[in-house]
Student: 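Shown below is the structure under consideration.
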Amino acid sequence: MSCSEIRALKEAFPYSLPIMATYLLMGAVFGIMMANAGYSPWISLFMSVIIYAGALQYIAVAWLAGGVGFVSIALITLSVNARQFFYAIACLKRYSFSGWRKWYLIFSVTDETFAILNLKEQKSAQAKVMLDSTQQIHNQKVMFYISLLNHCYWIAGCVCGTILGNEISFIRDIQGLDFIVVATFCVLLYENMRLKENMLPIAIGVFSTLFCFVLDREHFLSYALVMIVCVLLIVRKYMQKRGI
């Protein structure tokens, strides 16, 4: 590994730390579910490397046992991961470079990684850092290692959860680990609020999410994402004038 790669990895590691506990614990939950269903750590390893989609992997455990049809799997996958469409729009500029890293970055976009990369951009914007061509390449490497580290945490959690679930029976009964996801996003929201001078985009996101949650708790996330995009488009000119 070259010096530039090591430097990028060292810079990326602190950004990935908030996600480490989340992915290790939530990956372990998936692994325990796989152990309960009677699957080996190798299956967990394969799924966490290839699928790499938390909620969808949880659902896939039931699919493996139930023999669900292809059409049903496709429709459920589309509904569960519909938010990725909005992430893709937001990442068009971020991933506009060429090279093999781009394709892994596109593949590895998750809720948490997307939030962390946004936070990194906010810090760069606050510091008013102008990137030349060399710095842009370094930034691409940092984004790559942030995404790769997060993926590795998830893989480790899934595999270790399956191993422990098969070996230690009481681990299967642990409750409340899902709260770590809520805690992680609360920290990321706080960091974004601390860095942003204008809170209008955050306020739009919070209000839209709460409003849709009251209307439909089961599908509120998809509705909230659509509402956020629509409201931001409506107030776009105002935000551009104010430099938000």
Side-chain angles (χ1 to χ4, degrees), residues 4-20 22-23 51-54 56 81-154 184-185 187-202 204-206 208-209 221-222 224-233 235-236 239-240 242-244:
S4 62
E5 297 287 342
I6 293 173
R7 188 164 64 92
L9 179 59
K10 287 182 177 179
E11 184 177 334
F13 181 67
Y15 282 103
S16 72
L17 284 177
I19 309 304
M20 180 188 291
T22 301
Y23 275 11
I51 301 176
Y52 189 33
L56 196 63
N81 288 330
R83 65 191 184 281
Q84 297 287 338
F85 172 79
F86 299 96
Y87 293 166
I89 294 174
C91 290
L92 286 175
K93 184 177 179 181
R94 181 183 297 160
Y95 298 158
S96 58
F97 57 90
S98 59
W100 63 269
R101 285 189 176 89
K102 171 181 180 177
W103 303 109
Y104 178 76
L105 285 166
I106 293 171
F107 161 75
S108 61
V109 172
T110 61
D111 300 327
E112 294 80 7
T113 299
F114 179 81
I116 287 293
L117 293 179
N118 278 348
L119 180 62
K120 181 182 180 300
E121 285 188 355
Q122 290 292 331
K123 289 184 176 180
S124 298
Q126 188 185 49
K128 298 180 180 179
V129 176
M130 299 298 293
L131 301 178
D132 58 27
S133 58
T134 302
Q135 290 171 322
Q136 287 176 355
I137 294 173
H138 174 72
N139 186 58
Q140 293 165 13
K141 293 179 180 178
V142 173
M143 291 193 297
F144 168 77
Y145 282 117
I146 290 173
S147 301
L148 179 62
L149 286 169
N150 290 345
H151 195 177
C152 290
Y153 301 148
W154 177 255
T184 299
F185 279 105
V187 172
L188 294 175
L189 174 62
Y190 167 76
E191 285 293 318
N192 276 278
M193 292 176 67
R194 190 171 62 85
L195 293 172
K196 269 192 171 293
E197 295 180 0
N198 194 297
M199 298 296 172
L200 181 59
I202 293 177
I204 291 172
V206 172
S208 300
T209 302
L221 182 58
S222 298
L225 288 169
V226 173
M227 183 175 177
I228 290 168
V229 171
C230 292
V231 175
L232 287 175
L233 288 174
V235 302
R236 180 182 178 186
M239 293 173 65
Q240 287 176 336
R242 295 288 301 272
I244 301 173

Student: Do T22 and P18 have side chains that get closer than 4.5 Å, going by heavy atoms?
Tutor: no

Student: Run the side chain to side chain contact (heavy atoms under 4.5 Å, CB included) check on Y153 and E112 step by step: do they pass?
Tutor: CA-CA 12 Å; Y153 301 148; E112 294 80 7; over 6 Å; no

Student: Parallel, tilted or perpendicular: which one describes the rings of Y52 and Y23, with boundaries at 30° and 60°?
Tutor: perpendicular

Student: Given the rule in the side chain to side chain contact (heavy atoms under 4.5 Å, CB included) test, do I19 and I116 qualify, once you have shown the distances and angles that lead to the verdict?
Tutor: CA-CA 9 Å; I19 309 304; I116 287 293; 3.7 Å; yes

Student: Report the distance from atom CG of L105 to atom CH2 of W100, rounding to the nearest 0.5 Å.
Tutor: 9.0 Å

Student: Starting from the C-alpha separation in whole Å, work towards a yes-or-no answer on side chain to side chain contact (heavy atoms under 4.5 Å, CB included) for Y15 and L117.
Tutor: CA-CA 8 Å; Y15 282 103; L117 293 179; over 6 Å; no

Student: Would you check if the side chain of S16 reaches a backbone N or O of F13 as a donor-acceptor pair within less than 3.5 Å?
Tutor: yes

Student: What are the two closest non-hydrogen atoms of I228 and G205, and how far apart are they?
Tutor: CD1-CA, 3.8 Å

Student: Test side-chain hydrogen bond (donor to acceptor under 3.5 Å, both in side chains) on R94 and N139; report intermediate values, then the result.
Tutor: CA-CA 10 Å; R94 181 183 297 160; N139 186 58; over 6 Å; no

Student: What is the distance from atom CZ of F114 to atom CG of N150, rounded to the nearest 0.5 Å?
Tutor: 14.0 Å

Student: Measure across W103 and G99 and return the closest heavy-atom pair with its distance rounded to 0.1 Å.
Tutor: CD1-O, 3.6 Å

Student: Please table the atom pairs, donor to acceptor, closer than 3.5 Å between any side-chain atom in residues 140-149 and protein atoms at least two apart or in another chain.
Tutor:
residue, atom, partner, partner atom, Å
K141, NZ, S4, OG, 3.0
Y145, OH, E5, OE1, 2.5
S147, OG, M143, O, 3.1

Student: Hey, can you tell me if F97 and Y95 have their rings parallel, tilted or perpendicular (30° and 60° cut-offs)?
Tutor: perpendicular

